[in-house]
Structure formats: structure tokens, C-alpha cells
Student: 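There's a structure below that I have some questions on.
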Amino acid sequence: MGAWVLWFLLLQNVIQYPHPVGDGLDEVTRLRMEMRAKFLEEEKIRLEQEMEQLALKQGVRAWGDLLLQLWHLWAVAGLLLLLLALCYMWRKRGLRREEEEEANGGGNEEEVRIVDPHEGDVGNEGEDDDNNGVNEAENINDDGNAQEVDNVAANEEGAAGNAANEEGAAGNVAGNEVANVGNDNHFGNEDEEYDHADIIGRMVMDRIQWPVQDLLRGCQWTTVLMESFASYFRRVLSNSFYPVLQEAIGVGSAFEGWSPREQDVVYQVLVPMTAPRGHSFHLELDTAGQNQVRNFRVRVQQECTCGRAQRDKDMLCFLHHPEEQLRSSQDPSLLHTLCTDSYLDVHKTARWFYQLVRAVWPALLQSHNWHLVLLPSRRSCQFKVTNGRESFRIEILFGVRQGDSDIFVSSELREACTSRTIWPESYAVAEVKFFKYIARRVPPDSLHLKCLQFFTRLQLGLGFSTYTMKTIVMHLLCIIPVSRWRRRDFVARLLDISESLRTCVEVRRLNHFILGNRRLPEGISLPLDIQMATSYNLFYDLELDPIAHSQAMSQYVDLHRWLKRILNNEQ
């Protein structure tokens, strides 16, 4: 029994004792564990990559959704801004139309040529009139009447019909030009409309061959020359009984900033004259045979100088000293040198001035480098100065001022048969002051002078005078705000000038710009009789002569046809 217990215990110990692990078995286990670890590492990497790809896909999808939402928001915002812009533009146009209606006194709602109350008020703003419903014609011809227009239409139906057709064709010029540049959006931005108009204006400007003229240099050179002349005139004439010459005033187109001539520009100056000592000037209106133009005679009257004996001891009184003593001791009176029948003679004055210029010229500094050539003229002193590179043609007119105003009687030739003692009334000084007034208020890129120069050159040979076109432009400068004469408005202003000319020819009336104009700018001084006078008609001959009126209508049709061809770029 004890032996069995011993064997049982021994067997139990053998079973419970751990078997030793050999080296071979340990290496296999290690390799198996490494393979397992590597497999788990690869699975981990694969899972991480899948997770990254899934996260990336979800992020891109979320960013795309965000961009889509933002695009929708911007689209809605842009639509709202567009609607607000359209409402603003519509309201702005409505306010502008109301302002124009107020300025026009309830006139045509589509009329754009009305003085802006916020613009510089030039004067002659436009009065209410029922003549054809055209504001330009109302201001230029406010004395016309609708009955006269009906008569014109009845008498000149053919010519007026042609003119209307031509005007209708020209009215589409701007539209054709816009078609060439690009389609204009009626409800587009106002700046874009200005851009289109500016492009059209530039295109038309490029088609016109503008003369190369340095008018500013010519005016400055002429002014300096006349100052040099004046200093010697004062010395030569200080103790004489010839007219006292005042400082020259630049007048005419060149001093206004434009010229109808392409090359041979004439620089006009007006030399005011006052009576010498012992004399006085008296202006007498000449009413013989004149209908519209005001002509004067300058009567020269001797004055008593006995009271001046203490100051002018060498001067004898023309009224109270014997003629023999006067003849032997004193130079002759103005009545015996430059007058005819007690009236100042234009021809004699011109000859005297020629002699004065010829005598003084060698003493001037300009004579060292310039050559003087006197040109023939009976009512002015004309000459040309050249230095081999440049040349200037200068015309000196003589005038007597009416009081302290800007109105003179001058030696200019107004009619073919002007008498030698007739001095026509001149408004040249007042007109050059008007252009200077406008120049101070227009934008730097204003083309109002280009418009005037273009039309004065266009009408050459067609019968309309340069002064006619100048008068129409001066009236329009008082009607259309100065800010609307820029390049973008160039075509519109040319059509305005053409339309105004057509209306004036039809109604046979073009009012003078100065005479009777009570709304001239400040700084232009007029005598009371000029201010209160009724403006005379520059187309007076068309009222009297139906044949002349028919010819004028035909000439306008030709002029407008040329204008349309230039605007349409037709060869």
C-alpha cells in the first residue's frame, strides 16, 4: 500500500512539471509573432489611409457645398445691387427731367438744351415762346411767330421737305455710330453711355482735318508789337492835333480763340481814339437808307482853350485867335487834316495811320529781325510781318468809344458802298469779352470753339456768313450749359447748330446777339440805348426777298448734306 502511494505521487510530479522549451521551438514562435506584428502594422496603415481618403472626400464635398452656397448668395446680392442701381438711375433721370421742366417753364419734356440752374448762368437763358417749340429758336428768335412759320412752310414746301429729310437722316448719325462701336444698353450705366458718346466724338474729331494754328502765340506776339507801337505813338503825337491813340484791344476770331481760315489768320486789333486838345468828338446816328445796321458819323468840333493858356502856353485857341496867327504859329486843326465837312474821314485816317506805322517801324526792336510789308486797305491799316520762318498778318481798325461802354463806332467795312465818313457800330469788343467769359467757365476739354470753327469752314462757299454761324453758336452757349460742350457731346452740339440754322432760315429771322440783349454776362458794358433796343434781324433780306429765302433753304440742305457725310464717314 505504501508502494502504491509512492508511485502515485511520482506520476503526479512527472505530469505537473513543465517541459523545457528548446531553442528550435522558440525561434518559430518569434517568427510567427513578428509576422503577426507586421500584419497588424499593415492593417493599421491601410485603415489609416482609408480613413484619410474618406475624410478628404468629405472635406471636398463640404467645401463644394460651401462655395455653391456662397455663389448663390453673391448672385442674389448682385441682383439686388443691379435693381438698386436701376432704381437710382431711374430716379436720377426723373429728377433731372423735373429740373429741366422747371428751367424750361413747363416746356417739352424731351428737350435737353435747357440751362441747368446749377450751372454757371451765362445769360439769355431761354424765354418761353410758342415758336415751333424749339428752345434754341425761342432764344435766338423770340420775336418770331408761328404764323410766319406756316407761311414759310407753304411757300417753301419743297425745300423745307428736303431739309426735313436731311435732318431726319442726320438724326440717326449717333445711332449708327453706336452700332459701329457696340450696342448701347438703354438701362445701362450712365458712365458707359458717356464712354460711348466720347468714343463717337473722338471718331468724328479724327475725320476732320483741323488746321494747325498757334493762335495764342500769334495773339501774344501781336499784343507785344502793338504795345511797342503805342509807346512811340505817344511820343510822336504828344503835342499834335491828331487823334490820341489809346491801348489796342484784340478783337475778331483769332483773339476769341478760333479762326475760319486754315493758314492765313488775320489778327485784328481795335485802336480807340479820343479827341486831341482843343477838339471834341460827337457821335451822330446816320438814319439815311439804313434798315438794320446802325451807322454813325463822328462830328469833330473845336473847343475853346483860352482857359488852358496858363498850362499850354504854346497853344492858341482855335476859336478866338486869328486864322493868320494860328496858321503861322500852330499846327493845323484836326478839322483841316483828317476830316471831310467837319466829320472824321475813315480814308484819311487810314492813310495817316499807314504813314505813322511806316515812320515808327524802324525804331522798334522787332524791325531788327522782322520784315514789314504794308498791304492795301482804305478803311484800316493792314500789314504782314515775316522773319523767314513765321509770318503774321495784322489789321488795325480805328474806333471811337460810346461813352464808357464796350461798344464802339469803328472803321471796319460793313457794306460794299460804305461812305468814307460812315463809322459802323462795332460790337467786337463786347463779343470778345463774351468768349473770354465762357472760356473761364467751360471745362478744360470743351469743344465749343471747335464746333464754331468746323461750321465756319463747312459753310464756306454756301452763302452763309461767318458772322451768322458765330451768332448762332453764341446764342447756343447761353442756352446749353457749358458742361455739355465736351467731346462726348460733339456730335450732339453739331446737330444743335445745324438745327438752329435750319429753324432761323425757315422763320427768316436770326436775332443779333448784342443789340437788345438784356441778359449779357456781367462785365460787358452796353449803352442804355443798346440795352433797350429791339434786336435787329440778321436775316432781314430773307424777309424781303422770297427768292433769297429759297436759295438760303437750298444752301442749308447742301450744308446739312455735307455735315451728314462727315458724321457718317462717307467719301
Side-chain angles (χ1 to χ4, degrees), residues 112-116 119-120 122 124 126 134-137 139-140 166-167 170-171 173-174 177 194 197-213 215 252-262 265 431-432 434-460 462 464-505 510 513 556 559-569:
V112 298
R113 296 181 291 275
I114 305 175
V115 171
D116 191 340
E119 297 288 341
V122 179
N124 228 11
V134 180
N135 282 345
E136 292 88 343
N139 286 270
I140 298 174
E166 294 291 341
E167 182 64 28
V173 169
E177 296 292 346
Y194 285 159
D198 187 73
I199 293 174
I200 296 169
R202 177 180 55 79
M203 293 169 61
V204 176
M205 288 282 293
D206 292 342
R207 297 171 192 162
I208 301 173
Q209 298 297 324
W210 300 103
V212 180
Q213 301 168 335
L215 296 178
S253 59
F255 282 90
E256 291 168 351
W258 62 282
S259 175
R261 301 174 181 265
E262 295 187 10
V265 181
E431 290 168 354
V432 77
F434 173 78
F435 277 98
K436 289 180 179 179
Y437 174 88
I438 293 295
R440 293 192 298 266
R441 284 158 177 78
V442 295
D445 58 344
S446 177
L447 295 177
H448 64 287
L449 295 177
K450 288 288 187 182
C451 293
L452 175 55
Q453 184 165 339
F454 170 76
F455 258 96
T456 53
R457 293 179 58 203
L458 183 66
Q459 59 82 33
L460 292 177
L462 294 178
F464 297 107
S465 68
T466 298
Y467 195 75
T468 293
M469 306 312 304
K470 174 182 170 180
T471 301
I472 288 177
V473 172
M474 287 191 294
H475 279 295
L476 290 178
L477 284 170
C478 292
I479 298 171
I480 302 174
V482 293
S483 61
R484 298 183 186 177
W485 291 85
R486 297 181 177 181
R487 187 170 64 182
R488 63 173 177 253
D489 309 304
F490 185 60
V491 174
R493 297 295 80 82
L494 293 181
L495 294 176
D496 286 339
I497 297 172
S498 176
E499 172 64 18
S500 296
L501 177 60
R502 181 189 65 82
T503 303
C504 292
V505 172
L510 173 58
F513 182 70
Y556 168 77
L559 182 144
H560 193 75
R561 183 180 294 112
W562 278 107
L563 173 63
K564 185 184 69 173
R565 292 182 62 181
I566 293 174
L567 296 182
N568 287 332
N569 198 21

Student: Are side-chain heavy atoms of Leu477 and Trp485 found at a separation under 4.5 Å?
Tutor: yes

Student: In the structure I gave you, are the side-chain heavy atoms of Arg493 and Leu447 within less than 4.5 Å of one another anywhere?
Tutor: no

Student: Would you name the heavy atoms of Arg441 and Val482 that are closest together and state the gap between them?
Tutor: O-CG2, 3.6 Å

Student: Report the C-alpha separation of Glu431 and Lys470 in whole Å, then their side-chain angles, then the decisive distance to 0.1 Å, and conclude whether the salt bridge (Lys or Arg N to Asp or Glu O under 4.0 Å) test is met.
Tutor: CA-CA 10 Å; Glu431 290 168 354; Lys470 174 182 170 180; 2.9 Å; yes

Student: How long is the span from the CD atom in Gln453 to the CG atom in Leu458, to the nearest 0.5 Å?
Tutor: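 That separation rounds to 12.5 Å.
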
Student: At their closest point, which heavy atom of Met474 faces which heavy atom of Phe513, and how far apart are they?
Tutor: O-CE1, 3.6 Å

Student: Nearest heavy-atom pair of Leu215 and Val265: which atoms, and what distance?
Tutor: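 Leu215 and Val265 have their closest heavy atoms at CD2-CG1, 3.8 Å.
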
Student: Go through Asp496 and Ile479 one step at a time and tell me if the side chain to side chain contact (heavy atoms under 4.5 Å, CB included) criterion holds.
Tutor: CA-CA 11 Å; Asp496 286 339; Ile479 298 171; over 6 Å; no

Student: Given Phe455 and Val473, is the side chain to side chain contact (heavy atoms under 4.5 Å, CB included) satisfied, shown in steps?
Tutor: CA-CA 10 Å; Phe455 258 96; Val473 172; 5.9 Å; no

Student: Okay, side chain of Thr456, backbone of Leu452: is any donor-acceptor separation there less than 3.5 Å?
Tutor: yes

Student: Will you find, in the side chains of Thr468 and Thr471, an N or O donor that is under 3.5 Å from an N or O acceptor?
Tutor: no

Student: Which distance, rounded to the nearest 0.5 Å, do you find between the CD1 of Ile472 and the CD of Glu499?
Tutor: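 Here the interatomic distance stands at 10.5 Å.
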
Student: Which heavy atom of Gly257 sits nearest a heavy atom of Leu449, and at what distance?
Tutor: O-CD1, 3.5 Å

Student: Please identify each residue that fulfils side chain to side chain donor-acceptor pair (under 3.5 Å) with Ser446, with sequence neighbours left out.
Tutor: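 So Ser446 forms a side chain to side chain donor-acceptor pair (under 3.5 Å) with His448.
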
Student: Of all heavy-atom pairs between Ser498 and Tyr556, which one has the smallest distance, and what is that distance?
Tutor: OG-OH, 3.0 Å

Student: Between Cys478 and Phe434, is the side chain to side chain contact (heavy atoms under 4.5 Å, CB included) condition met? List the steps.
Tutor: CA-CA 10 Å; Cys478 292; Phe434 173 78; 3.8 Å; yes

Student: First locate atom CZ of Arg487, then atom CD1 of Ile199, and finally report the distance between them rounded to the nearest 0.5 Å.
Tutor: 9.0 Å

Student: Can you tell me how far the CD1 atom of Ile566 sits from the CZ atom of Arg561, to the nearest 0.5 Å?
Tutor: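 Rounded to the nearest 0.5 Å, the CD1-CZ separation comes to 13.0 Å.
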
Student: Assess the residue pair Arg486 and Asp489 against the criterion (salt bridge (Lys or Arg N to Asp or Glu O under 4.0 Å)); give the C-alpha distance rounded to whole Å, side-chain angles, the decisive distance to 0.1 Å, and a yes or no.
Tutor: CA-CA 5 Å; Arg486 297 181 177 181; Asp489 309 304; over 6 Å; no

Student: Can you confirm whether Tyr467 sits close enough to Ser253 that some side-chain heavy atom of one is under 4.5 Å from a side-chain heavy atom of the other?
Tutor: no

Student: Do you know the tightest heavy-atom contact between His475 and Leu510?
Tutor: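 So the two residues come closest at CD2-CD1, 4.5 Å.
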
Student: Nearest 0.5 Å, what's the OG-CD1 distance between Ser500 and Ile480?
Tutor: 7.0 Å

